[in-house]
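What you see is a predicted model; the values in this text were computed from it and never measured. So that the names make sense, note that chain A is the first sequence line, chain B the second, and so on, each numbered from 1.
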Number of protein chains: 2
Amino acid sequence: MGRWEPDARERLVRAALDLFSEQGYENTAVAQIAERAGLTKSTFFRHFRDKREVLFGGQDVLAGLMTGAISGAPAEAGPLEAVEAALVATVGTFTDERRAHGPQRLAVIAGNDELRERSALKMVGFAVSMTDALKRRGVPELEAAVAAELGVLAFNHGYERWLETGGDFAEVARRTFSDVRAAVGSLERAE
Amino acid sequence: MGRWEPDARERLVRAALDLFSEQGYENTAVAQIAERAGLTKSTFFRHFRDKREVLFGGQDVLAGLMTGAISGAPAEAGPLEAVEAALVATVGTFTDERRAHGPQRLAVIAGNDELRERSALKMVGFAVSMTDALKRRGVPELEAAVAAELGVLAFNHGYERWLETGGDFAEVARRTFSDVRAAVGSLERAE
DNA sequence: TACGGTGATGAGACCAAGTCCCATCACTTT
DNA sequence: AAAGTGATGGGACTTGGTCTCATCACCGTA
């Protein structure tokens, strides 16, 4: 355990989120975040790779859940079914507490280039993870890439929808993914 | 004109690319790039927003060409046809000289997180640009997003294919986009 | 030829991000 | 009680990036 208070990591996240909302991301120094959390700059960088990462914790866990679900999907399942399973598999991470500061987090990210950059990288990470997992099932390269990209798209739209409407994320994800598939169908029929 | 030699920007790009290849991106300081180009740190940052950007010049021009092509596509064209036109419209930027150091550039980007991050942001930028342009044509939100995402996917694969095979980028783009559409068809038929 | 204007550059101070190393403290184990 | 472990504090250091001011090349005009 650390010394003094526990939950250093969580305290840093909260302090960062609050300060970013109050003053903006670029006007907030790491030392200031650490200070509000009762810690120091050194400790901040022990918990997070860089200043951006404080807003993107647990994304690797998400990627793991996704690839796990794709690998574990029944052999008869098609690529799109496997991707849908990947989205549904992340349901456990969508807690009430996460929903509570979700909008605040999204607003901060939207307001800063560095953060949108990091967000984009995380999404690419998801796409790569799912593409690889699909290829391991024997799905051809390009089909795997397309299916994964559609999955990421649905994941993002689903996340925003979940923040607005609440409820079970698995439900929302299934509905959103179905909408995406419908959109694909419309595109095909359009010409 | 600047003082002394002309083409400061190009010299900086070349120096950066070479140094990154020789020593790696993180082991190269901006001051060093500037020095090899016969300039100073100040001048570097006058030409490029940050150290990463030296490898991503002209991406905004690409986005402009894409949205222009989508806006200018015939009214009867479907979203996918418009996106294909967007890819083809970028052909003018794919010069021999760009093809010459393309692989070197890709290798450097692949080897560094910051650069892959910037690359991801640029791709998201393309997707957003194309999505907006499609929406302005009356394409529903989700269909526009899917079509744009497929376009970016094809653009990336097309770029790599073009680096390998050479030839006219418009040709390569059309073929790649057709492959992507075929992959989408396979996914649909898969279940 | 001389002059002033313009735009790109050089130079250096300055701040914050991120790295590194070492000392310190709380807590556990023996 | 002593040794070990893991997280923390603290400070030096490098570098990315900003800002300001002086400088120089070039261009047009008188």
Side-chain angles (χ1 to χ4, degrees), chain A residues 1-57 108-109 111-119 121-122, chain B residues 1-57 108-109 111-119 121-122:
Chain A
M1 265 315 133
R3 61 187 159 188
W4 298 312
E5 309 301 321
D7 300 324
R9 193 184 182 92
E10 286 69 23
R11 265 155 49 217
L12 285 168
V13 172
R14 277 245 56 87
L17 203 47
D18 290 342
L19 284 168
F20 293 164
S21 298
E22 293 168 16
Q23 324 172 332
Y25 173 81
E26 40 256 334
N27 299 324
T28 304
V30 169
Q32 194 181 2
I33 301 172
E35 186 190 12
R36 179 172 293 201
L39 298 167
T40 62
K41 201 180 74 163
S42 300
T43 303
F44 180 95
F45 285 110
R46 258 182 220 106
H47 285 279
F48 304 100
R49 195 159 50 82
D50 53 43
K51 186 180 170 187
R52 286 140 249 148
E53 201 65 13
V54 71
L55 292 181
F56 294 92
V108 171
I109 294 174
N112 179 271
D113 271 352
E114 286 185 32
L115 294 175
R116 292 189 309 152
E117 200 164 270
R118 178 58 50 88
S119 176
L121 184 67
K122 296 294 182 180
Chain B
M1 264 317 135
R3 63 185 158 189
W4 297 313
E5 309 302 322
D7 301 324
R9 192 183 183 93
E10 286 68 24
R11 265 155 50 217
L12 285 168
V13 172
R14 277 246 56 88
L17 203 47
D18 290 343
L19 284 168
F20 293 164
S21 296
E22 293 169 15
Q23 324 171 333
Y25 174 81
E26 39 256 332
N27 299 324
T28 304
V30 169
Q32 194 181 2
I33 301 172
E35 186 190 11
R36 178 171 293 201
L39 298 166
T40 62
K41 200 180 74 163
S42 300
T43 303
F44 180 96
F45 285 111
R46 257 183 219 106
H47 285 279
F48 304 101
R49 197 159 50 82
D50 54 43
K51 186 180 170 186
R52 287 140 247 145
E53 203 64 14
V54 72
L55 292 181
F56 295 92
V108 171
I109 294 174
N112 178 272
D113 271 351
E114 286 184 32
L115 294 174
R116 293 190 308 153
E117 199 164 271
R118 178 57 50 88
S119 176
L121 184 68
K122 296 295 183 179

Say you draw a straight line from CZ of B/Arg118 to CD of A/Glu114; how long is it, rounded to the nearest 0.5 Å?
9.0 Å

So what does A/Arg46 touch, heavy atoms closer than 4.0 Å: a base, only the sugar-phosphate, or nothing?
base

Protein-nucleotide distance (B/Leu115, atom CG; D/dG16, atom P), rounded to Å
12 Å

Does any part of the side chain of A/Arg52, heavy atoms only, come nearer than 4.5 Å to the side chain of A/Glu117, both counted from C-beta?
no

Is there a donor and acceptor pair, one atom on the side chain of B/Ser42 and one on the base of C/dA11, closer than 3.5 Å?
yes

Tell me the interatomic distance from A/Lys41, atom NZ, to C/dG18, atom C1', rounded to whole angstroms.
7 Å

D/dC24 P sits how many Å from B/Leu39 CG, rounded?
17 Å

Partner of B/Phe20 under side chain to side chain contact (heavy atoms under 4.5 Å, CB included), picked from B/Val54, B/Ile109, B/Asn27, B/Asn112, is B/Val54

Between B/His47 and C/dA8, is there a side-chain N or O to OP1/OP2 distance below 4.0 Å?
no

Within less than 4.0 Å of OP1 or OP2 of D/dT8, is there a side-chain N or O belonging to A/Thr43?
no

Residue-level proximity of residues 21-30 of chain A to DNA chain D when a heavy atom falls under 4.0 Å
none

Determine the minimum heavy-atom distance between B/Asp50 and B/Phe45, stating which atoms define it.
CA-CE2, 4.0 Å

Output yes when a side-chain donor or acceptor of A/Ser119 lies under 3.5 Å from a complementary backbone atom of A/Leu115, and no otherwise.
no

Separation of D/dT8 C1' from A/Leu12 CG (nearest whole Å)
12 Å

When only distance counts, do a donor and an acceptor, one from the side chain of A/Lys51 and one from the base of C/dG18, lie under 3.5 Å apart?
no

Between C1' on C/dA17 and CZ on A/Arg118, what's the gap in Å once rounded to a whole number?
13 Å

B/Asp18 side chain reached by B/Arg36 side chain, heavy atoms, under 4.5 Å:
yes

Can you tell me the distance, in whole Å, between the CZ atom of B/Phe44 and the C1' atom of C/dA11?
18 Å

Nearest heavy atoms of A/Leu19 and A/Thr28, plus distance in Å:
O-OG1, 3.6 Å

When all nucleic acid strands are considered with a 4.0 Å heavy-atom cut-off, which category describes B/Arg52: base, sugar-phosphate, or nothing?
sugar-phosphate

Between P of D/dG17 and CD1 of B/Ile33, the distance in whole Å
10 Å

CG of B/Asp50 versus C1' of C/dA17: gap in Å, rounded?
14 Å

